[in-house]
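Chain letters run A, B, ... following the sequence lines, proteins first, then strands; residues in each count from 1. This is a predicted model, so every value here is computed, not measured.
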Amino acid sequence: ILNVEQSPQSLHVQEGDSTNFTCSFPSSNFYALHWYRWETAKSPEALFVMTLNGDEKKKGRISATLNTKEGYSYLYIKGSQPEDSATYLCAIIRTGNNRKLIWGLGTSLAVNP
Amino acid sequence: DGGITQSPKYLFRKEGQNVTLSCEQNLNHDAMYWYRQDPGQGLRLIYYSQIVNDFQKGDIAEGYSVSREKKESFPLTVTSAQKNPTAFYLCASSAIGSTNEKLFFGSGTQLSVL
């Protein structure tokens, strides 16, 4: 994998469902991974910054895990609510790349009430 | 409230015209960034700055220029050399110029060509 890939591209769930999506990235020269939430008509908002293999972070009903050896991160949302509807962006920083963020295309989540 | 302010929200450019997008932050952040978003593509870095009076080209700097005369301000000029300027432009800042600091974003400017 040369780029950051996010799957699925879009997702529709019912209120109360739990869901998860994936961010895949090159495992070599890994430095850090960022997750952002971008609601329509608002600014992207940082959720997590993760650096260590095996990292797990949690913010309310949202949590994320990181596997730097195999090059993936999972974002979980427990008991989805309509206000969770947004695009979730993943980005990584690689060493030797001036530490610039490399962005995925995002996963668009729609939670139906 | 602390944050990043981008203006205008919508901007129209005529052929051959230069236009400037404003980005101001009151977060006391050292680093500031300009990204461009096009449909079906991830955010692409245009320019970034880690300190006043210094800035570096990102991945798609051609046809753009920036200045960083004040810590709070990082305006982006879209010049007439940018042949495909229609896009959504996002400004961001972070506490330090590298490592793991999260980005804080403005609300964006939609630029369209008349």
Quiz prompt | Connected via hydrophobic side-chain network under 4.5 Å: A/Ile62 and A/Trp35 | solution = yes

Exercise. Measure distances from B/Tyr35 to the heavy atoms of chain A and classify the residue's part below 4.5 Å as side chain, backbone, both or neither.
Key: side chain

Quiz item: With sequence neighbours left out, what residues match A/Tyr36 under ring pair (Phe, Tyr, Trp, His ring centres under 6.0 Å)?
Solution: A/His34, A/Trp103, B/Phe105

Quiz item: Which heavy atom in A/Leu105 sits nearest to a heavy atom in B/Gln41, and how many Å separate them?
Solution: CD2-C, 3.1 Å

Practice problem: Examine B/Val19 and B/Tyr47 and state if one hydrophobic cluster contains both, with Ile, Leu, Val, Met, Phe, Trp and Tyr joined whenever side-chain heavy atoms are less than 4.5 Å apart. | Solution: yes

Self-check item: NZ (B/Lys71) with more than 12 external heavy atoms under 6.0 Å
Solution: yes

Quiz item: Are A/Tyr72 and A/Leu11 connected in a single hydrophobic cluster, I mean Ile/Leu/Val/Met/Phe/Trp/Tyr linked by side-chain heavy atoms less than 4.5 Å apart?
Solution: no

Quiz prompt | same_hphob_cluster(B/Tyr48, B/Phe55) at 4.5 Å side-chain heavy-atom cutoff | solution = no

Quiz item: Roughly how far apart are A/Ile102 CD1 and B/Leu43 CG, rounded to 0.5 Å?
Solution: 13.0 Å

Exercise. Please test A/Leu47 against B/Lys102 for side-chain contact (heavy atoms from CB on, under 4.5 Å), starting from the C-alpha separation and ending with a verdict.
Key: CA-CA 9 Å; A/Leu47 290 173; B/Lys102 59 185 179 182; over 6 Å; no

Quiz prompt | B/Leu103 CG to A/Leu89 CG distance, which is reported to the nearest 0.5 Å | solution = 11.0 Å

Side-chain donor-acceptor distances from residues 37-46 of chain A under 3.5 Å, at least two apart:
residue, atom, partner, partner atom, Å
A/Trp38, NE1, A/Lys42, O, 2.7
A/Ser43, OG, B/Gly106, O, 3.0
A/Ser43, OG, B/Ser107, N, 3.4

Practice problem: Enumerate by number any residue of residues 6-15 of chain B whose heavy atoms lie under 4.5 Å from heavy atoms of chain A; in the absence of such residues, state 'none'. | Solution: none

Practice problem: Under 4.5 Å, heavy atom to heavy atom: which of residues 85-93 of chain B reach chain A? Give them by number, or say none. | Solution: B/Phe88, B/Leu90

Quiz item: Quick one: OH on B/Tyr33 to CG on A/Leu101, what's the gap to the nearest 0.5 Å?
Solution: 7.0 Å

Quiz item: Is the CD atom of B/Glu69 crowded by more than 12 outside heavy atoms at less than 6.0 Å?
Solution: no

Quiz item: Would B/Ile60 and B/Leu45 show up in the same hydrophobic cluster when neighbours are defined by side-chain heavy atoms closer than 4.5 Å?
Solution: no

Quiz item: For B/Gln56, is it the side chain, the backbone, both or neither that has a heavy atom under 4.5 Å from a heavy atom of chain A?
Solution: neither

